[in-house]
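First the structure, in the form of structure tokens, and then the observations on it.
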Amino acid sequence: MLRIDGLSAWYGEAQVLREVSLEVAKGEIVTLVGRNGAGKTTLLRSMMGLHGRSSGVVEFLGQDVSGQATHRRVRRGLGYVPDDRGVYATLSVEENLTLPPAVGPDPWSLDQVYETFPRLRERRRSPGTKLSGGEQQMLALARVLRMGARLLLCDEPTEGLSPLIVQQIGSILRDVKEQGVTVLLIEQNVHFAQTVADRHYLLAEGRIVESLENSEMRARENELLEYLGI
Ligand SMILES: Nc1ncnc2c1ncn2[C@@H]1O[C@H](COP(=O)(O)OP(=O)(O)O)[C@@H](O)[C@H]1O
Ligand SMILES: [Mg+2]
């Protein structure tokens, strides 16, 4: 579904991604793990066409989208859930969900959203400012599904959330996968990553240094935790 080939990116003169190549097949949940500053956010932003200077191929559903504007990538079904969650503070949950146009190929109905995110149904009249971190994260995910994404690019959705809420986000992601959506997930929580994903890439200093199956991730959990400095 997604193929990245030789992706490099720069901030001014500083190169932060070096010939990154990876693939995600339809229906998978794949994580990208790496230390702070490794280039994870830059990688997602480059896939969306939101990063200024980059080169390489981003192929989505068999088409090279690397020259395309962000809105065209969204229309094809790429969905970006940024690390700041991007919730509109003054709008209610339901307004946040219905404001962005459903431009992607598989837009979810509000009913489908509320089935998968019952907490958002309960909170549908609440303004963005009144939501907990976990609720904001659910809203950010739900909004992109409502817009019609086929592939979610999620930037550290569990960051700063309590263990109970992290578990809830995990079960939501598995449910989303059951409904035919593919997920590429940036995750620092190695333990959580194994419980939710099918396989993993390790990014270090702008390079993919390992590709790990779930069983390898499990066997090397302590080593990886140490490496990530957690
Ligand atoms: N706006 C910016 N200007 C210059 N350098 C930046 C900027 N944003 C990030 N960087 C640098 O790019 C590298 C990768 O950052 P980022 O993609 O945010 O990493 P990660 O998401 O893995 O923490 C880091 O070394 C960071 O310092
Ligand atoms: Mg980041």
Side-chain angles (χ1 to χ4, degrees), residues 2-24 28-58 60 65-66 69-70 73-74 78-87 133-134 136-141 143-144 149 151-162 165-166 169-170 172-173 182-194 196-197 199-212 217 220-221 223-230:
L2 176 75
R3 191 176 68 87
I4 306 294
D5 193 19
L7 186 78
S8 295
W10 293 261
Y11 281 103
E13 293 301 301
Q15 186 169 4
V16 297
L17 293 178
R18 297 167 189 277
E19 300 276 324
V20 169
S21 297
L22 61 83
E23 290 185 356
V24 182
E28 281 190 309
I29 299 182
V30 174
T31 70
L32 186 68
V33 296
R35 283 180 179 165
N36 282 337
K40 304 179 298 298
T41 296
T42 307
L43 181 55
L44 291 198
R45 289 179 52 84
S46 299
M47 288 181 205
M48 293 305 298
L50 292 166
H51 184 78
R53 201 173 150 220
S54 61
S55 68
V57 173
V58 178
F60 179 55
V65 300
S66 38
T70 302
R73 302 186 201 206
V74 172
L78 279 177
Y80 178 45
V81 187
D83 52 5
D84 67 6
R85 294 159 190 165
V87 169
Q136 286 182 30
Q137 184 60 54
M138 290 175 197
L139 179 53
L141 286 164
R143 192 169 50 187
V144 171
L151 172 64
L152 291 186
L153 304 175
C154 304
D155 198 346
E156 303 206 40
T158 65
E159 197 192 4
L161 303 182
S162 70
I165 306 298
V166 169
I169 298 286
I172 285 170
L173 288 171
T182 305
V183 182
L184 177 61
L185 181 69
I186 293 182
E187 192 47 72
Q188 298 277 39
N189 183 335
V190 171
H191 187 73
F192 172 73
Q194 294 160 39
V196 73
R199 55 190 187 84
H200 317 271
Y201 289 103
L202 183 59
L203 187 74
E205 290 163 17
R207 285 191 179 85
I208 298 284
V209 291
E210 299 214 48
S211 163
L212 299 159
M217 175 81 120
R220 292 172 57 192
E221 185 172 334
E223 179 203 333
L224 290 167
L225 284 173
E226 196 167 326
Y227 170 78
L228 293 168
I230 297 164

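Numbering of ligands and ligand atoms starts at 1, following listing order. The basis for the numbers below is simple: all heavy atoms, side chains too, and nothing from hydrogens, waters or symmetry mates. The structure presented is a predicted model; accordingly, all values stated were derived computationally and were not measured.
- Among K40, R45, Q15, H51, the residue whose heavy atom sits closest to atom 22 (O) of ligand 1 is K40.
- Close contacts of ligand 1 with T42, meaning ligand atoms under 4.0 Å from a residue heavy atom, involve 14 (C), 15 (O), 16 (P), 17 (O).
- At least one side-chain heavy atom of C154 sits under 4.5 Å from a side-chain heavy atom of L141.
- Of all protein heavy atoms, the one closest to atom 1 (N) of ligand 1 is Y11 CE2, 3.6 Å.
- For residue T42, no N/O/S atom approaches the Mg ion (ligand 2) to within less than 2.8 Å.
- Around atom 21 (O) of ligand 1, the closest heavy atom drawn from T41, V16, I186 belongs to T41.
- At the shortest separation from atom 25 (O) of ligand 1 among protein heavy atoms lies G37 O, 3.6 Å.
- Residue G39 has at least one heavy-atom neighbour below 4.0 Å for each of these atoms of ligand 1: 14 (C), 16 (P), 17 (O), 19 (O), 20 (P), 22 (O).
- Listed by number with element, the atoms of ligand 1 under 4.0 Å from a non-hydrogen atom of R35 are 22 (O).
- Distances from atom 27 (O) of ligand 1 to the protein include no heavy-atom value under 4.0 Å.
- Applying the 6.0 Å contact sphere to CD of E159 captures no more than 12 heavy atoms from other residues, nucleotides or ligands.
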Sequence neighbours left out, cut at 3.5 Å: what donor-acceptor pairs do the side chains of residues 203-212 make with other protein atoms?
unit_1, atom_1, unit_2, atom_2, d
E210, OE1, R220, NH1, 3.1
E210, OE2, R220, NH2, 2.7

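- Inter-residue side-chain proximity for L225 and H191 is flagged as unmet; no heavy-atom pair is nearer than 4.5 Å.
- Between the OG1 atom in T70 and the CG atom in L50 there is a gap of 4.0 Å [rounded to 0.5 Å].
- Side-chain N/O atoms of R85 and Q137 include a donor and acceptor closer than 3.5 Å.
- Every atom of ligand 1 is numbered from 1 in the order shown, and the set under 4.0 Å from a heavy atom of N36 is 23 (O).
- For T41, the side-chain hydrogen bond (donor to acceptor under 3.5 Å, both in side chains) partners at least two apart in sequence or on another chain are D155.
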